[in-house]
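Remarks on the structure that follows.
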Amino acid sequence: MTANYTFLHIPACIYTQSFQTPSIIFHSHHPKATVCTTALNSNSNSYESYPTRRRGSYGFHPILCSSSNDRAPDSADGSVKSVERLLEEKRRAELSARIASGEFTAQKNGFPSILKKSLLKLGIPRQILDGLFSWADGEGDFPRIPEAKGSINSVRNEAFFIPLYELYLTYGGIFRLTFGPKSFLIVSDPSIAKHILRDNSKAYSKGILAEILEFVMGKGLIPADGEVWRVRRRAIVPALHQKYVTAMIDLFGQATDRLCKKLDIAANDGEDVEMESLFSNLTLDIIGKAVFNYDFDSLTNDTGIVEAVYTVLREAEDRSVSPIPIWEIPIWKDISPRQRKVSAALKLINYTLDNLIAICKKMVDEEELQFHEEYMNEQDPSILHFLLASGDDVSSKQLRDDLMTMLIAGHETSAAVLTWTFYLLSQEPSVASKLQEEVDSVLGDRLPNIEDMKKLKYTTRVINESLRLYPQPPVLIRRSLENDMLGGYSIKRGEDIFISLWNLHRSPELWDDADKFKPDRWPLDGPNPNETNQNFRYLPFGGGPRKCVGDLFASYETVVALAMLVRRFNFQMALGAPPVEMTTGATIHTTQGLKMTVTCRMKPPIVPSLDRATTNGETLSVSEQGSMKLGR
Ligand code: HEM
């Protein structure tokens with residue numbers, strides 16, 4: 001099977017060229033989107049980065065890069081926004097015109113279609129012809145699914161899910177996208193998503209995903225289907241019980257504390273930091289301990305095993321965007337230096353896993369704990385320990401596959417959520433201030449605990465909203481195992497389907513201010529938003545039987561990390577930071593990292609009220625950083 005799909009869930013159907021206009025920069029090699037460009041602002045002598053392709057509902061906001069903690073002047077911001085709006089309108093108009101011209105609309109031009117047209121002209125009744133040619137139309141009496149064809153040159157410079165959004169606005173909640181001989185159904189409708197993921201989930205498999213992930217996850221829980229999946233899901237879900245997740249909160253706190261110490265040094269030295277890779281280190285350290293009690297310590301060390309994990313992850317992503325599956329040629333993995341490196345990395349990881357399993361098995365054999373529903377070894381609360389104590393086969397490949405799957409699933413996703421949350425916060429200082437207020441009042445100086453998870457309501461809403469705007473992954477992949485009906489259209493067995501979470505989460509039909517980062521859209525006293533109470537318009541952890549097993553774990557992990565970081569530091573885009581662009585792998589990455597300036601927060605002095613009158617009638621207010629500013 002060929003690739004052209006990003007590894008957890010995504011097609012890389014759009015390959016890029018490089019071209020530039022004065023204000024829009026596209027890069028090559030990879031499907032990605034330019035979120036902003038950087039322009040020198042001669043007045044302030046600082047760089048301002050701003051979005052060039054803010055379309056309809058994308059909601060990327062200007063990135064202000066400044067060495068101080070000053071806010072950007074409103075007027076500059078306004079003019080940047082109007083230029084950006086004009087560019088956006090022009091681009092949209094061009095694209096709409098091209099869509100309207102039929103450029104993207106597939107013609108029924110094969111031999112059957114030509115023959116049918118000729119027979120119609122000869123006077124043969126349409127009903128007879130429809131019956132005769134139903135094999136060619138594929139959909140019998142049912143209406144035909146709207147169809148777009150994939151020669152989308154003008155939008156091929158972007159992360160693939162972005163042109164899918166444009167096409168969704170034109171073609172609606174379900175349409176067919178055809179690339180040469182391949183076709184995919186793109187689903188952006190909540191009720192169809194619900195049908196596929198929940199109501200008729202048995203009729204859908206993971207399809208191409210399983211093929212791409214095979215080399216690293218084998219038949220682990222994410223790619224597995226059928227009986228293997230059923231058995232393993234039943235074995236793994238109980239391991240993430242409430243007591244385990246509660247114990248993990250300490251782990252999240254300790255790991256984030258290590259990151260804080262690292263950032264302290266950067267803040268004191270005045271050095272900018274690249275947050276995306278730091279988040280990647282943080283979540284790798286957490287998931288290593290949580291899944292098999294291994295301390296990667298990647299925040300401080302760059303050991304062989306850390307390098308091996310990243311080699312395998314990069315390979316998985318590259319395979320998913322490669323047009324030719326060259327690694328499938330048997331001799332290739334022996335002669336290609338890169339493939340040899342991947343094999344060596346996998347060997348090291350497997351060797352490490354074998355050792356960890358052996359150590360853990362010894363612990364399990366020596367302990368006197370009885371296995372029960374909320375079984376947990378305090379010294380080693382890992383998922384591996386639970387699985388072995390529950391009787392999992394030590395020597396099985398399946399156990400290793402599941403451990404690798406959870407390592408990858410729990411690492412990339414959480415790191416991406418934190419990255420985009422910090423990006424969004426840098427665009428909305430008022431949200432950041434409100435967040436800091438809540439964190440200060442709930443946490444004080446302590447490490448967070450389980451009780452705090454209920455109290456950090458606004459912090460949770462910030463994560464909920466970040467997951468709406470940047471779902472990780474942006475698209476879910478399925479393949480139909482039998483004929484079915486989707487939204488009034490009949491579909492055949494073997495259809496490859498992409499459920500676009502990006503489209504669902506940003507649909508102007510489903511959301512007010514769909515493009516805006518507004519944590520307040522989720523009432524603080526309301527339930528935590530999920531697929532059920534949002535009726536499948538919001539699916540950050542999927543839905544139905546294949547919903548993420550780590551949703552609570554991940555929610556607490558990201559809330560703890562966010563709370564502890566904003567309690568201690570202020571974050572801003574660094575002066576001259578590269579533009580924040582999106583690229584797709586398993587999750588949405590930035591193309592050049594998220595470079596930020598970190599400054600230590602000084603706690604505001606305790607004063608009776610925030611505003612105090614001075615003798616000359618001006619007011620003194622305590623700024624975020626604790627310094628006093630004069631204002632009227
Ligand atoms: C913020 C972080 C996370 C996000 C956004 C996320 C998202 C998702 C989504 C959307 C799915 C459904 C995929 C599909 O239907 O095709 C999924 C599945 C899964 N996730 Fe997560 N995940 C996160 C963290 C984690 C963590 C921490 C773990 C492990 C501890 C984990 C383990 C899994 C597994 C094993 C599955 C497959 C479940 C199955 O097919 O039965 N995830 N995740």
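In each ligand, atom 1 is the first atom listed, and ligand 1 is the first ligand listed.
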Exercise. Please work out whether any backbone atom (N, CA, C, O) or any side-chain heavy atom from C-beta onward of Pro540 is under 4.0 Å from ligand 1, and answer side chain, backbone, both or neither.
Key: backbone
Quiz item: When only distance counts, is Thr558 in polar contact with ligand 1, meaning an N/O pair under 3.5 Å?
Solution: no
Practice problem: Kindly confirm or rule out an N or O of Arg233 lying under 3.5 angstrom from an N or O of ligand 1. | Solution: yes
Quiz item: Hey, does Arg478 come in under 3.5 Å of ligand 1, counting only N/O atoms on both sides?
Solution: yes
Practice problem: Could you list the residues that satisfy ring pair (Phe, Tyr, Trp, His ring centres under 6.0 Å) with His505, not counting sequence neighbours? | Solution: Tyr538
Quiz item: With Phe175, which residues qualify under ring pair (Phe, Tyr, Trp, His ring centres under 6.0 Å), at least two apart?
Solution: Tyr171
Quiz item: For the residue pair Phe498 and Phe184, does the interplanar ring angle fall in the parallel (under 30°), tilted (30 to 60°) or perpendicular (over 60°) class?
Solution: parallel
Exercise. Classify the contact between Ala554 and ligand 1 as side chain, backbone, both or neither, using a heavy-atom distance cut-off of under 4.0 Å.
Key: side chain
Practice problem: Could you see which bit of Phe553 sits under 4.0 Å from ligand 1, with heavy atoms only: side chain, backbone, both or neither? | Solution: side chain
Quiz item: In terms of atom number and element, which parts of ligand 1 are under 4.0 angstrom from non-hydrogen atoms of Trp229?
Solution: 39 (C), 40 (O), 41 (O)
Quiz item: What atoms in ligand 1 come closer than 4.0 Å to a heavy atom of Gly542?
Solution: 10 (C)
Self-check item: Candidate with minimal heavy-atom separation from atom 20 (N) of ligand 1, of Pro471, Ser555, Cys548, Ala239
Solution: Cys548
Quiz item: Between the side chain of His589 and the main-chain N/O of Met582, is any donor-acceptor distance below 3.5 Å?
Solution: no
Self-check item: Best match, Thr413, Ile236, Leu221: closest heavy atom to atom 23 (C) of ligand 1
Solution: Thr413
Exercise. Check whether any side-chain N or O of Glu378 sits under 3.5 Å from a backbone N or O of Asp380 as a donor-acceptor pair, and report yes or no.
Key: no
Quiz item: Which atoms of ligand 1 are found less than 4.0 Å from any heavy atom of Ser414?
Solution: 2 (C)
Exercise. Output yes when the distance from some N or O of ligand 1 to some N or O of Gln472 is under 3.5 Å, and no in every other case.
Key: no
Practice problem: Give a yes-or-no answer on whether the side chains of Asn355 and Thr352 include a donor-acceptor pair shorter than 3.5 Å. | Solution: no
Quiz item: Given that the side chain starts at C-beta and the backbone is N, CA, C, O, which of these parts of Val417 lies under 4.0 Å from ligand 1, counting heavy atoms, or is it both or neither?
Solution: side chain
Quiz item: What pair of heavy atoms forms the shortest contact from Ala554 to Phe541, and how long is it?
Solution: CB-CE2, 4.1 Å
Practice problem: Compute whether any side-chain donor of one residue and acceptor of the other, for Ser507 and Tyr168, lie under 3.5 angstrom apart. | Solution: yes
Exercise. Measure Glu557 to ligand 1 on non-hydrogen atoms and call it side chain, backbone, both or neither using the 4.0 Å cut-off.
Key: neither
Exercise. May I ask you to check if ligand 1 and Arg546 share an N or O to N or O distance below 3.5 Å?
Key: yes
Quiz item: Looking at Glu465 and Lys518, does any basic side-chain N land under 4.0 Å from a carboxylate oxygen?
Solution: no
Self-check item: Phe422/Phe569 aromatic ring centres below 6.0 Å
Solution: no
Quiz item: Which atoms from ligand 1 have a heavy atom of Gly410 less than 4.0 Å away?
Solution: 25 (C), 26 (C), 27 (C), 28 (C)
